[in-house]
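Values in this document were obtained by computation on a predicted structure and should not be read as measured data. Numbering of ligands and ligand atoms starts at 1, following listing order.
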Amino acid sequence: MRFARLCSVGVWFAGLTLAAQVRAVPDRQQWFLTAGQSTYAVGVDDKNMLESLYWGPALPADATLLKAQSRAERSSNDGPMNTTPLEYPAWGGGLQLEPALKVDSPNGDRALVLVYDSSKVDSNQLEIILKDTVQPVRVHLHYQTYAEGVLARWSTVENAGRQPVRIEQAASGTWNLPAGTDYQLSWLTGQWGGEFQLHTAALLNGAQVLESRRGSTGHQANPWFSIGREGQTTETAGPVWFGELGWSGSWRINVERTALDQVRVTAGYNPYDFAYVLQAGQTLDTPHVYAGYTAGGQGEASRILHRFQLAEVLPLGPTPKPRPIIYNSWEATEFRVSEAGQMGLAEKAASLGVERFVMDDGWFGQRKDDHAGLGDWYVNKEKFPNGLKPLIDRVHTLGMSFGLWVEPEMVNPDSDLYRKHPDWAMHFPDRQRTEARNQLVLNIAKPEVKAYVFNWLDKLVTDNDIAFLKWDYNRNWSEPGWDSAPGEKGSPDAAREIYVTYVQNLYDILQKLRAKHPKLEIESCASGGGRTDAGILRYTDEVWPSDNTDALDRLSIQDGFTHAYSPQTMAAWVTDVPNYLDRRVIPLQFRFLVAMQGALGIGNDLNKFSADDMELSKRMVAFYKGVRTTVQQGRLYRLQRPEGREASQVEYVSPDGAQAVVFAYLHSQQYGMVQPQVSLQGVDPNARYRVRPLDETKYTGEAVVSGAVLLGSGLPLQLRGDYDSTAVILERQ
Ligand code: GLA
């Protein structure tokens with residue numbers, strides 16, 4: 001190696017100095033990207049094509065790899081395009097596997113063969129430019145390393161010619177895994193009321209497609225993947241290759257194990273119904289994908305994503321304030337909101353120690369139920385004769401900030417807005433508009449619709465002292481037409497740009513709103529967790545993971561959620577029993593301790609609370625305040641996962657290691673069996689910890705315990721019967 005260039009930044013986290021660096025080795029045309037404790041490497045091969053070379057544990061700063069060599073044709077049916085681990089394979093030159101890019105040129109040439117053109121290293125960023133051998137199409141591959149252990153990748157497709165070209169498919173990147181036949185894939189699926197269900201299964205030959213064709217992220221699958229090795233990877237140990245796509249529109253992650261046993265992951269825009277026309281000189285950016293490798297099992301993969309989201313993704317990072325404790329009136333009142341009713345609830349909420357009062361749906365237009373009103377964002381004078389000010393003032397006097405529900409991208413056909421602008425709703429000419437929850441989707445890809453949405457939101461937040469918006473989005477797309485698409489006006493291809501432009505405009509609105517109102521915080525809600533992804537988290541502070549607030553169901557929903565997203569972003573409420581969804585009755589303490597796994601909220605009808613309920617709630621809120629930063633910003637250990645088990649436990653350790661908190665749940669007890677103790681994780685074996693149990697009677701151990709004992713045998717807890725629960729704080733001495 002004659003010469004190497006190194007650019008590096010570092011971060012200190014939990015006793016480790018982690019690096020983010022890009023090292024170029026020009027004489028071998030290789031680049032090494034180190035992110036935390038992992039390295040990713042790419043290189044140019046003998047055919048001038050860019051190959052993936054390495055993805056695994058961090059390599060030393062002087063590590064070298066052999067010059068990349070394209071693979072031979074295996075047979076006439078498996079040419080080099082399919083046997084070579086290409087870093088960004090375009091469809092062309094005999095590629096039969098999943099392409100990262102497919103483009104159609106005006107002369108009928110539908111192929112691309114991308115070769116290396118040039119590269120640029122800037123601090124912890126790398127840009128490699130590839131160009132087609134024939135057409136004036138260039139692709140900029142962008143890489144950015146983060147010391148938290150994440151490598152971000154995205155690509156920009158550029159039409160460097162004079163004629164328009166049409167993109168049919170564009171991925172952010174392709175990842176090639178090391179050779180192996182023992183991979184297992186973990187992924188998240190869901191449904192309304194049952195989001196974030198985790199699955200793990202052997203990765204067999206063929207492709208597994210994780211996707212949304214819905215125009216938004218979707219409940220049904222989440223843009224996250226995690227790949228381990230059978231027999232090696234567990235929650236606490238073993239290799240994990242993982243990633244998540246930062247995009248809130250239709251997306252696809254294609255996980256392919258080829259017939260020749262190569263494993264590759266391609267993530268980006270969903271090619272279904274997709275087209276994007278690039279006029280001369282135009283570019284298209286693909287979404288960011290945040291990927292990583294760890295040898296520390298699924299738990300460590302999650303913790304890397306959590307600390308990365310706090311430091312680099314969330315709008316108020318790198319040190320976002322922990323989320324306040326909110327009260328939300330939805331389950332208590334549904335659409336029946338009024339000034340007096342909300343004030344009454346606010347008074348009770350404040351007495352519990354709640355910090356933010358949020359009024360949900362029903363305050364605007366002719367909104368009596370879900371049949372009317374969306375689009376008419378004026379205050380309903382029957383419910384609030386004096387506007388929102390008296391309520392907001394009262395909430396402030398009670399020492400809380402005020403939040404409000406909005407659903408800006410939607411319109412009810414029964415609304416003044418729709419009567420005035422029926423063409424603003426997505427539709428195909430002459431075809432019936434499919435309603436869902438009696439509403440249609442506004443096409444915010446249109447500049448005039450985007451402007452309307454921004455303007456009323458801006459006015460609402462300017463005219464009222466609003467600290468927080470619960471931004472809802474309650475249906476998927478149908479008839480995604482765009483009758484005045486830019487470019488070739490009216491061309492069917494240009495109309496398909498809606499898949500990109502709609503989401504870009506959504507991000508723009510959020511960004512502009514936040515820039516103009518820097519104190520405003522926003523929650524992403526979509527009938528629960530239907531818009532949870534690392535793209536929306538750039539503009540929103542938290543997510544509503546599910547409309548299902550049953551505490552038992554929530555345990556597995558939250559377990560799945562934390563595989564991909566930080567507990568700080570996970571809004572969780574205590575609500576009434578019997579639960580509205582499944583009539584299950586669970587004790588109040590259990591409900592509180594489940595909601596304390598993330599950003600605690602309360603959604604009960606406080607008018608029905610007994611004095612005992614109020615007392616217990618006050619105690620729970622005070623307990624949460626003492627551990628909130630540890631829960632939201634610390635390291636999460638899923639000690640005993642809930643699915644299919646009678647009991648579960650989670651533990652959080654504060655970033656400085658001074659505090660840990662354990663939440664323990666007994667879902668149901670059978671045969672009087674006492675639950676075995678569960679070993680803790682992440683505490684210092686050489687330290688001693690003072691134990692502060694929430695319930696003195698449920699902890700039978702000593703007052704001060706060594707970290708080694710906690711790691712070896714855990715906490716002796718006495719839980720009995722169905723839905724018993726407790727929590728224990730550990731303070732490092
Ligand atoms: C959606 C949300 C709920 C609530 C209602 C209001 O279903 O997920 O939390 O805000 O809308 O209509």
Side-chain angles (χ1 to χ4, degrees), residues 190-196 214 216-220 222 248 323 326-338 341-342 345 356-377 380 383 402-412 414-415 435-442 460 466 468-476 521-533 536 540-551 553-554 557-558 561 569-576 579-582 595 598-605:
Q191 53 181 295
W192 175 84
E195 295 87 337
F196 303 105
R214 295 161 184 271
S216 61
T217 325
H219 298 72
Q220 290 69 16
N222 192 267
S248 312
R323 307 302 303 145
I326 66 130
Y327 176 82
N328 178 298
S329 62
W330 173 246
E331 285 199 24
T333 66
E334 295 202 335
F335 299 94
R336 297 176 302 278
V337 292
S338 68
Q342 294 288 301
L345 289 167
R356 173 169 290 167
F357 183 84
V358 183
M359 176 158 67
D360 212 279
D361 199 349
W363 59 269
F364 55 91
Q366 295 307 308
R367 188 78 167 160
K368 295 187 183 62
D369 53 32
D370 61 17
H371 285 80
L374 290 176
D376 299 340
W377 296 101
N380 182 302
K383 299 179 187 180
F402 182 76
L404 194 62
W405 182 95
V406 291
E407 193 175 4
E409 300 150 81
M410 298 288 164
V411 66
N412 286 119
D414 186 359
S415 66
E435 293 180 19
R437 207 190 190 205
N438 313 301
Q439 63 197 57
L440 298 168
V441 186
L442 287 174
L460 178 75
I466 293 173
F468 173 80
L469 291 175
K470 173 176 172 179
W471 184 300
D472 214 336
Y473 176 90
N474 278 310
R475 61 159 293 180
N476 298 142
E521 296 176 0
I522 302 176
E523 175 181 270
S524 171
C525 172
S527 303
R531 192 152 64 190
T532 309
D533 61 79
I536 203 74
T540 58
D541 306 271
E542 61 180 48
V543 174
W544 177 234
S546 182
D547 280 349
N548 185 343
T549 53
D550 170 77
D553 288 354
R554 268 281 174 154
I557 292 170
Q558 294 180 176
F561 185 99
T569 67
M570 186 171 78
W573 307 343
V574 179
T575 57
D576 286 341
N579 184 271
Y580 81 96
L581 199 59
D582 56 19
L600 174 67
I602 296 176
N604 301 79
D605 185 350

**Item:** Parallel, tilted or perpendicular, as decided by the 30° and 60° cut-offs, for the rings of Trp405 and Trp377
**Value:** tilted

**Item:** From Trp471 atom CH2 to Thr540 atom OG1, the distance as rounded to the nearest 0.5 Å
**Value:** 10.0 Å

**Item:** Residue contacts for ligand 1, heavy atom to ligand atom, distance under 4.0 Å
**Value:** Trp330, Asp360, Asp361, Trp405, Arg437, Lys470, Asp472, Asn474, Cys525, Ser527, Gly528, Trp544, Asp547

**Message:** When you compare the side chains of Ser248 and Asp533, does any donor N or O come within less than 3.5 Å of an acceptor on the partner?
**Reply:**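 Asp533 and Ser248 do have a side-chain donor-acceptor pair below 3.5 Å.
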
**Request:** Look at the side chain of Asn412 and the backbone N and O of Gly373, then say whether any donor-acceptor pair between them is shorter than 3.5 Å.
**Result:** yes

**Request:** For residues Phe364 and Val406, determine if any side-chain heavy atom of one lies less than 4.5 Å from a side-chain heavy atom of the other.
**Result:**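 No. Closest side-chain heavy atoms not under 4.5 Å.
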
**Asked** Is the Trp330 to Phe335 ring centre distance short of 6.0 Å?
**Response** yes

